[in-house]
Undergrad: 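Following this message is one structure expressed as structure tokens.
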Amino acid sequence: MKRILVTGGAGFIGSNYIRHVLAAVADVSVVNFDALTYAGNLENLAGVDTDPRYQFVRGDIADKAALEALGPVDEIVHFAAESHVDRSIEDAGAFLRTNVTGTQTLLDFARRRSLGRFVHVSTDEVYGTLGPEDPAFSEETCIAPNSPYAASKAASDLLVRAAHHTHGMPVLTTRCSNNYGPFQFPEKLIPLMIANAMEGKALPVYGDGMNVRDWIHVEDHCRAVDLVRQKGRIGEVYNVGGRSERANITVVERILELTGRGRELIRYVKDRPGHDRRYAINDAKIRSELGFTTLHSFEAGLAATVQWYMTERAWWERVRSGAYRGYYERMYGARLGE
Ligand code: NAD
Ligand code: TYD
């Protein structure tokens, strides 16, 4: 049985990945290593956390001693990061510490232990921004990050690349477009708009609302990450996309329809500084080399996601109130020190 160290497994994508891999692959076990920042929520793993193949360890990827204290592991899937662009504009410090120093600390740990595959989960945002007619980002597109978040992820990508070239480490990098789906922290566009619409609050649309993102359901992203873990070519970068480019205002209007609310809730607000205009992904490589396909269309996936936030209203209400922080204490008898 392979033991996978999943960093950031209490976050949005990491928790979906743990659910996916434990259900889809019989002969793996998982160590979820997560610092439980504001974005880490162990409630995301309720149900799977009783699986004997699952273990949680609270720790920081920038903490060498905490990593050294881990028992045996075979492979790493690295999700842990500071992930929100607006927070990086406010203060980039935590982004440098976790995304850059943390990734290097994790690479050093993997090298000392001569571990197997190291899958680095990155983002299309490292490529920068596109005009309306530009071709989509391919793996050969130059890195040109525009936000402190994207710059910190680009730095981590380059450190992962260097670990392969210098030390021959068995690394793989994925660069995915915008995810949506269950358990996404309600600070990102889709869950924020759903929760606000459900509460009858204003929906803040940045700028003219015409910025374009390529949306992919988180379960499709998780399947892509595990495909790369199992079959990807060492040292390679794989773009992952949903082939669903939408302007933000189109997404917001659809959410209003799905929640039964009117356009009067829309508020155009001051634009995000340095706001990337458009992301689009050329994902031909993962599709042709590894046979990847998405299973969720954006329309059906968004409707199912709105339904999930309606059914699981208690989940995001506990996030918004801060009550979700108590779960760790109840489950593991410790206090979140902060
Ligand atoms: P998230 O913010 O929901 O979760 C991040 C997790 O990492 C949290 O559980 C947090 O507690 C943990 N963490 C943060 N700092 C840590 C540290 N120093 N040590 C250990 N754990 C730490 O993020 P997400 O949206 O799930 O994104 C996961 C990864 O996927 C990130 O690397 C992100 O860059 C990448 N990504 C995200 C998207 C997206 O649309 N959300 C798209 C492409 C790539
Ligand atoms: P976000 O979910 O923060 O992801 P990213 O910036 O990493 O793509 O934002 C998605 C898009 O939605 C982006 O163009 C910014 C915009 N946006 C708003 O218009 N209003 C909001 O309140 C938020 C959070 C985002």
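Quick caveat: nothing in here was measured; it's all calculated off a predicted structure. Starting from 1, each residue takes its place in the sequence as its number.
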Undergrad: Is a salt bridge present between R97 and D60, judged by a nitrogen-to-oxygen distance below 4.0 Å?
TA: yes

Undergrad: Tell me whether R233 is salt-bridged to E289, with the criterion being a basic N under 4.0 Å from an acidic carboxylate O.
TA: yes

Undergrad: Is K2 salt-bridged to D27, cutoff N-O under 4.0 Å?
TA: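 No, no charged N to carboxylate O under 4.0 Å.
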
Undergrad: Is D74 reaching over with its side chain to a backbone N or O of L115, donor-acceptor style, under 3.5 angstrom?
TA: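 Here the side-chain-to-backbone pair does not exist.
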
Undergrad: Mind checking what makes side chain to side chain donor-acceptor pair (under 3.5 Å) contact with E312, not counting sequence neighbours?
TA: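 None.
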
Undergrad: Under the rule for side chain to side chain donor-acceptor pair (under 3.5 Å), what residues qualify as partners of R243, not counting sequence neighbours?
TA: D283

Undergrad: Charged N to carboxylate O below 4.0 Å: is that the case for E317 and R320?
TA: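 Salt bridge between E317 and R320, a charged N being under 4.0 Å from a carboxylate O: no.
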
Undergrad: Mind running salt bridge (Lys or Arg N to Asp or Glu O under 4.0 Å) on E75 and R3 for me, showing each step along the way?
TA: CA-CA 7 Å; E75 296 181 342; R3 195 151 179 75; over 6 Å; no

Undergrad: Filter on ring-ring contact (aromatic ring centres under 6.0 Å, His included), then keep only pairs touching residues 39-62, sequence neighbours left out; what's left?
TA: F56-Y328, F56-Y332

Undergrad: How are the rings of Y180 and H217 set to each other: parallel, tilted or perpendicular (split at 30° and 60°)?
TA: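 Correct class here is perpendicular.
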
Undergrad: Taking atom CE of M310 as the centre, does the number of heavy atoms from other residues, nucleotides or ligands within less than 6.0 Å exceed 12?
TA: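 Yes, because the 6.0 Å sphere around CE of M310 holds more than 12 heavy atoms from other groups.
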
Undergrad: If you draw a 6.0 Å radius around CZ in R87, do more than 12 non-hydrogen atoms from other residues or ligands fall strictly inside?
TA: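 Counting neighbours around CZ of R87, more than 12 heavy atoms of other residues, nucleotides or ligands fall under 6.0 Å, so yes.
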
Undergrad: List the steps, then state whether salt bridge (Lys or Arg N to Asp or Glu O under 4.0 Å) holds for E125 with K153.
TA: CA-CA 8 Å; E125 301 193 28; K153 290 296 290 189; over 6 Å; no

Undergrad: Is it true that the side chains of E219 and H20 contain a donor and an acceptor less than 3.5 Å apart?
TA: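 The criterion, which ignores hydrogens and geometry beyond distance, is not satisfied for H20 and E219.
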
Undergrad: ring-ring contact (aromatic ring centres under 6.0 Å, His included): which pairs involve residues 218-265, sequence neighbours left out?
TA: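 Matches after skipping sequence neighbours: none remain.
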
Undergrad: Residues sharing L130's hydrophobic cluster, by side-chain heavy-atom contacts under 4.5 Å among ILVMFWY, directly or via others?
TA: V126, Y127, F137, I143, V237, Y279

Undergrad: Is there a side chain to side chain donor-acceptor pair (under 3.5 Å) between T7 and H78 once you walk through the steps?
TA: CA-CA 5 Å; T7 70; H78 175 34; 2.7 Å; yes

Undergrad: Would you list the atom pairs, donor with acceptor, under 3.5 Å between side chains in residues 164-171 and any protein atom, with sequence neighbours excluded?
TA:
from: H164; atom 1: ND1; to: M169; atom 2: O; distance (Å): 2.8
from: T166; atom 1: OG1; to: A162; atom 2: O; distance (Å): 3.0
from: H167; atom 1: ND1; to: R111; atom 2: NH1; distance (Å): 3.4

Undergrad: Can the ring centroids of Y324 and W315 be said to lie less than 6.0 angstrom from one another?
TA: no

Undergrad: Restricting to non-hydrogen atoms, name the atom on G71 and the atom on R113 that form the minimum distance, rounded to 0.1 Å.
TA: O-NH1, 2.9 Å

